[in-house]
Number of protein chains: 2
Amino acid sequence: MLNRHTVERLVIYNRVLKDLAKKNVKWATSEKIAEILFRSPAQVRKDLSFLGKKGKPGVGYNIRSLIGELDSTLGLRKTWGVALIGAGNLGRALFHYPGFKREGFEFRAIFDNNSSKIGRRWGDITVTPITSLNSVVRKRKINIAVMTVPDYAAQEVADKLTAAGLKELLNFAPVTLNVADNVNVRYADLALELENLSYNLNHRALK
Amino acid sequence: MLNRHTVERLVIYNRVLKDLAKKNVKWATSEKIAEILFRSPAQVRKDLSFLGKKGKPGVGYNIRSLIGELDSTLGLRKTWGVALIGAGNLGRALFHYPGFKREGFEFRAIFDNNSSKIGRRWGDITVTPITSLNSVVRKRKINIAVMTVPDYAAQEVADKLTAAGLKELLNFAPVTLNVADNVNVRYADLALELENLSYNLNHRALK
DNA sequence: CACATATTGTGAAATATTTCACAAATAATA
DNA sequence: TATTATTTGTGAAATATTTCACAATATGTG
């Protein structure tokens, strides 16, 4: 089992390699990859070494085979079922985000408790109240939940999702969720991202 | 100058403290804060110690004064001007995201080169072609750019933004940007977030 | 084939980050 | 006021992560 930081980097190597493949590049050295990502070649090699011996000394890594290996390790050869919880503006944007389908993530359900939204159709999916969660998760093989609910609702929604057996959550609500150890939450807190930039701005101003 | 990881945590402490303040809690110990965030009390204390001595032994931290200190350090007492580059679905969702204004981030310009979007009004802001970037950045005091442009356009847009003097970028395009050392980029790559979860799913399946 | 050149894979060394542990400081109690 | 309970702030120790450095391996050339 790889640690979180390594996986975060593998995911990025994969993207960079797919970019290079699109440009018809066949081979890349650890130095080349490191240069694109502003990292050290040693780190790239150590990270990639977790995949087994895939590089050729004197030559580098074969991009196609490395992408294949990364896709396997990262679980990107499969299609995963995604449920969207919260049919608001942000939910809609994510639902239409092209990057998801491309990597095998398929929205299969949309939940919202707002009666003005229930029953509406987004593409071929109907917005459903969250009371139907358990059966939908089972029937449509949902693996991942993307939470775009208001902050006050987030913990309760997370409880329901995990009770329904979901273990992988992507949370856009600005709340730290309290979940069991075997549940993974990734936080995409957009305001916090800006606040990090704000610190830099402020620090520049003070200099 | 604090390191990136510390700032990332300060930003989260600030959010947690504001939550507690909303619930009328007046004091919090490092242990309490750590518990909410699943971290160690020692780390909370060490992080907060960068603000100077703000805690009271035997009691903990006064939430109001700590929030004030964090807001100052993080630059959240000021209002920052934000430009949105890319008037698509995701851009629209971010534009309406309530968390930004609350913390003093104000959208003051929207750029898009798509002629069908130029001239449209979002609230009281008109979508403008990116050719007007330099003058708008100056006139409307833009400090931060939020990039929701397609991946193929991202580097070129980043070049223009930095040429216009912007040094803080929040990038939603799935591309590693090549920028000068004095420019900060934060990446919000939504597909990568799902791919991290995918690794966990896959690993569970293999067990 | 011998030699030169390039780059991997990986223990060991160097850095960075986190936790420990405890003296100092505060408050509550008698 | 003395005593007890807490909890901070912080050097030192423990962990974790990254980089170094080099033997091993692949390719190209004459």
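Each chain gets a letter, A, B and so on, in the order the sequences are listed, and its residues count up from 1. If you're wondering where the values come from, they're calculated on a predicted model, not measured in any experiment.
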Requested in this report: Name the orientation of the base relative to the sugar in dA14(C): syn if the glycosidic angle is within 90° of 0, else anti.
Outcome: anti

Report summary line: Scanning all shown strands, the Watson-Crick or wobble mate of dT26(C) with both distances under 3.5 Å is none

Query - Under 3.5 Å on both distances, the Watson-Crick or G-U partner of dA5(D) - result: none

Report summary line: Which of R77(A), K78(A), K18(A) passes side-chain hydrogen bond (donor to acceptor under 3.5 Å, both in side chains) with D71(A)? It is K18(A)

Query raised in the report: Within the structure, does a side-chain N or O atom of S40(A) lie under 4.0 Å from either OP1 or OP2 of dT18(D)?
Result: no

Query raised in the report: Can you find a side chain N or O atom of Y61(B) that sits less than 4.0 Å from OP1 or OP2 on dG9(D)?
Result: yes

Using distance alone, with no hydrogens and no angle criterion, decide if [X] and [Y] have a side-chain donor and acceptor under 3.5 Å apart.
| X | Y | value |
| --- | --- | --- |
| K26(B) | N62(B) | no |
| T148(A) | R92(A) | no |
| Q155(B) | D159(B) | yes |

Can you measure [X] atom [atom1] to [N] atom [atom2] for me and round it to whole angstrom units?
| X | N | atom1 | atom2 | answer |
| --- | --- | --- | --- | --- |
| E8(B) | dA16(C) | CD | C1' | 15 Å |
| M1(A) | dA16(D) | CE | C1' | 17 Å |
| R9(A) | dA16(D) | CZ | P | 15 Å |
| L10(A) | dT17(D) | CG | P | 14 Å |
| R39(A) | dC20(D) | CZ | C1' | 18 Å |
| N62(B) | dA25(C) | CG | P | 20 Å |
| E69(A) | dT8(C) | CD | P | 16 Å |
| N3(A) | dT18(C) | CG | C1' | 15 Å |

Query raised in the report: Are the side chain of Y187(B) and the backbone of L177(B) linked by a donor-acceptor contact shorter than 3.5 Å?
Result: yes

Requested in this report: Determine yes or no for a side-chain-to-main-chain donor-acceptor pair under 3.5 angstrom, with Y199(A) supplying the side chain and L2(B) the backbone.
Outcome: yes

Query raised in the report: In residues 26-36 of chain A, what residues come within less than 4.0 Å of DNA chain C, judged by heavy atoms?
Result: T29(A), S30(A)

Query raised in the report: Which heavy atom in Y13(A) sits nearest to a heavy atom in V44(A), and how many Å separate them?
Result: OH-CA, 3.6 Å

Query - Residues R140(A) and E106(A) bridged, charged N to O under 4.0 Å - result: no

**Report entry** Pairing of R186(A) and E168(A) as salt bridge, 4.0 angstrom limit
**Finding:** no

Query raised in the report: Where along residues 45-60 of chain A does a heavy atom come under 4.0 Å from DNA chain D, residue by residue in number order?
Result: R45(A), K46(A), K56(A), P57(A), V59(A)

